[in-house]
Structure formats: C-alpha cells, structure tokens
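Each remark here refers to the structure printed beneath this line.
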Number of protein chains: 2
Amino acid sequence: METCKADTALDILVGKWKHKILFELSKHEVMRFNELKRAIPGITQKMLTSQLRELESHDIVQRKVYSQIPPKVEYSVTTYGRTLDPILHAMHSWSETHIDRMNEKEADEAKAVQS
Amino acid sequence: METCKADTALDILVGKWKHKILFELSKHEVMRFNELKRAIPGITQKMLTSQLRELESHDIVQRKVYSQIPPKVEYSVTTYGRTLDPILHAMHSWSETHIDRMNEKEADEAKAVQS
DNA sequence: CAGCATCCAGCGCGATACTG
DNA sequence: CAGTATCGCGCTGGATGCTG
C-alpha cells in the first residue's frame, strides 16, 4: 500500500447521483428508466442517462433493452456492482452517525448563544 | 434506511485531494504543512490549505499552531477522523481489484483486435 | 514556513426542447 | 417510454504573486 489508489472507487461513486442510483437499484433488483427517475427526486433525464451509461461502462449496472413499442429498458446491478455494497454501506452508516453528531453540535451552539 | 444519506460521507471525502490527505496523515500521525505538500505530488498550496480547512471544520483533522518564527503548524487525524478508516480502506481495496480487472479487460480487447 | 488573494479555464450539472 | 441535442451557468480546482 504505497500510494493512494482510492481515486478509482471515488471516480465511480462520485457525481451527486451515481450512488443514489445504485442505492435504488440495489433495493429493487430490476428497474425501468422512469421507475428510477421517479425514485430519485430531483434528477433530470439527462443526468440519469449519462450516469447510467457511465456505470454501465464500468460493468456496475446492466442495461437490458426490449425492442418493442413502447420501448422498455431494464436496469439492474451486476454481480460485480454488488462488490461496491460494502463501500456504500460503510458510507451510509458513517453518514448517519455523522449527522447525529452535527445535530448535537448545533444544539450545543444554540445553548451557548442562549446563555 | 429509507432514503440515501451517503452524500454526507461523500461530501467529506470527495474533491480530488481530501482522501489523499487523510491517507498520508493517517500514515504519519503528525505532519507539517510542507511535509504534507511534499507527500502529495501535484497538489498546490491553495488546494492543500482549503481542503485541510474543510476537514478541520468537520473535526476530521486537527490543526495545531506554534506561535513562533519561523511558523510551525502540525496536522493530525482526530479520533473522530479515524472512524472514516473503514470507508477509505474499503475504497482502497476495492480499487485495487478493480484496476486488476481493467487490466485483464484491456488485455482481452488487445487480443481480440489482434485475431 | 505557512499561508491568503486574485484571476481564469474546464466541465459538472441543470433547464428546455425535440425524437423513434 | 426512453431517450438525444443544445445552451448556459456556477463551482471546483489550477497558476501566479504577495505577506507575517
């Protein structure tokens, strides 16, 4: 462990949306485009599309197209994508305790101001 | 675990440098400003300063100033900052296997082109 | 030594409109 | 339904120069 290579993992998870997409996808096994869009408040089609393409290019998600009218596309997390779970999970639980901590701090500061 | 809160952890680790700073700091226990700068190739003073300030504001690193000439400032990871280790570690080891995977893939593609 | 101030480029990301 | 195309803003991050 000479230099830090965590960049690679970061590259894949960073970008305001990718981890949310993975979060939703890993809950549902299989999801359609608009289903994902509805599940992630605030995301635009553009962002959803581009982020999904990036994740796809890293073999994190799989894209299955049904050639039919109306179109139907299903997204799912690959088994390789599942290997990211520990990271996502670690970040998630850490965030929760961090948020608690922030709240306590704010409360303390409010008290300090009051006195 | 209703919605995804991993943003918080991401916010703290993201930004091209923060995780590298933490990586170096956690190796050395205590480091001075220029020591850190030398340890992280390519970083500018501006970036190092601003990232350190952000980490400090989240209680991830501690800043100890010695009022003397020449100035001396020591940075170290707080015990709270240490709680990020599992995440960094997970990202690091994942990245290594991912890099291996990418290399294999490239090799395969090269072979495919050749044939 | 350990910064802060300023200026500037790139692109991440959003809003909007159009398509098979 | 599941996209693509275009436009543009803002913020992140880089280069340079100054200071206690």
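Throughout, protein chains are lettered first and strands after them, A, B, ... in sequence-line order, and every chain is numbered starting at 1. Values below: every heavy atom of this structure, side chains too, minus hydrogens, waters and symmetry copies.
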Going by atom type alone, with no hydrogens or angles, which donor-acceptor pairs under 3.5 Å involve a side-chain atom of residues 67-76 of chain A and a protein atom two or more places apart or on another chain?
unit_1: E74(A); atom_1: OE1; unit_2: Y66(A); atom_2: OH; d: 3.0
unit_1: Y75(A); atom_1: OH; unit_2: R63(A); atom_2: NE; d: 3.1

### Query
Excluding sequence neighbours, so at least two apart, what forms side chain to side chain donor-acceptor pair (under 3.5 Å) with W17(A)?
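Testing W17(A) for side chain to side chain donor-acceptor pair (under 3.5 Å), a comparison that skips the adjacent residues, returns none.
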### Message
Angle between the two end axes of the helix from dC1(C)-dG20(D) to dG20(C)-dC1(D), five base pairs per end, rounded to 10 degrees?
### Response
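The angle, to the nearest 10 degrees, is 50°.
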### Message
Output the rounded distance in Å from CD1 (I69(B)) to P (dT19(D)).
### Response
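My rounded result for the distance is 16 Å.
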### Rounded interatomic separation in angstrom, taking CE from M47(B) and P from dT12(D)
9 Å
### 5′-ward residue of the pair P70(A)/I43(A) relative to DNA chain C
I43(A)
### Message
Quick check for you: name the first and last nucleotides of DNA chain C, 5' to 3', having an atom under 4.0 Å from a heavy atom of chain B.
### Response
dC1(C) to dC7(C)
### Query
Which residue pairs pass the salt bridge (Lys or Arg N to Asp or Glu O under 4.0 Å) test with at least one member in residues 32-51 of chain A, sequence neighbours excluded?
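Sorted pair list comes back empty.
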### Task
Please name all residues satisfying side-chain contact (heavy atoms from CB on, under 4.5 Å) with A9(A), sequence neighbours left out, ordered by chain then number.
I87(A), M91(B), W94(B), S95(B)
### Message
Suppose we screen for side-chain contact (heavy atoms from CB on, under 4.5 Å). Which residues come up paired with S93(B), at least two apart in sequence or across chains?
### Response
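S93(B) satisfies side-chain contact (heavy atoms from CB on, under 4.5 Å) with no other residue.
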### Message
Counting primed atoms plus P, OP1 and OP2 as sugar-phosphate and everything else as base, spell out the protein contacts along nucleotides 2-7 of chain D at 4.0 Å heavy-atom distance: B, S or - for each nucleotide, 5' to 3'.
### Response
SSB-BB
#### Entry: H89(A) vs H92(A) side-chain heavy atoms within contact, under 4.5 Å
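The answer is no, as the side chains (C-beta and beyond) never meet within the 4.5 Å cut-off.
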#### Entry: Under the salt bridge (charged side-chain N to carboxylate O under 4.0 Å, His left out) test, residues paired with R82(B) that sit two or more places apart
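For R82(B) the salt bridge (charged side-chain N to carboxylate O under 4.0 Å, His left out) partners, ignoring immediate neighbours, are E29(B).
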### Residues in salt bridge (charged side-chain N to carboxylate O under 4.0 Å, His left out) contact with K20(B), at least two apart in sequence or another chain
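Only D7(A) meet the salt bridge (charged side-chain N to carboxylate O under 4.0 Å, His left out) criterion with K20(B).
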### Task
Identify whether any heavy atom of K16(B) sits under 4.0 Å from a base atom; if not, whether one sits that close to sugar-phosphate; answer base, sugar-phosphate or nothing.
sugar-phosphate
### Message
Test: side-chain hydrogen bond (donor to acceptor under 3.5 Å, both in side chains). Region: residues 50-60 of chain A. Which pairs qualify, not counting sequence neighbours?
### Response
K18(A)-E54(A), D59(A)-R101(B), D59(A)-K105(B)
### Message
Quick check: is L52(A) connected to I40(A) through a chain of hydrophobic side chains (ILVMFWY, heavy atoms under 4.5 Å apart)?
### Response
yes
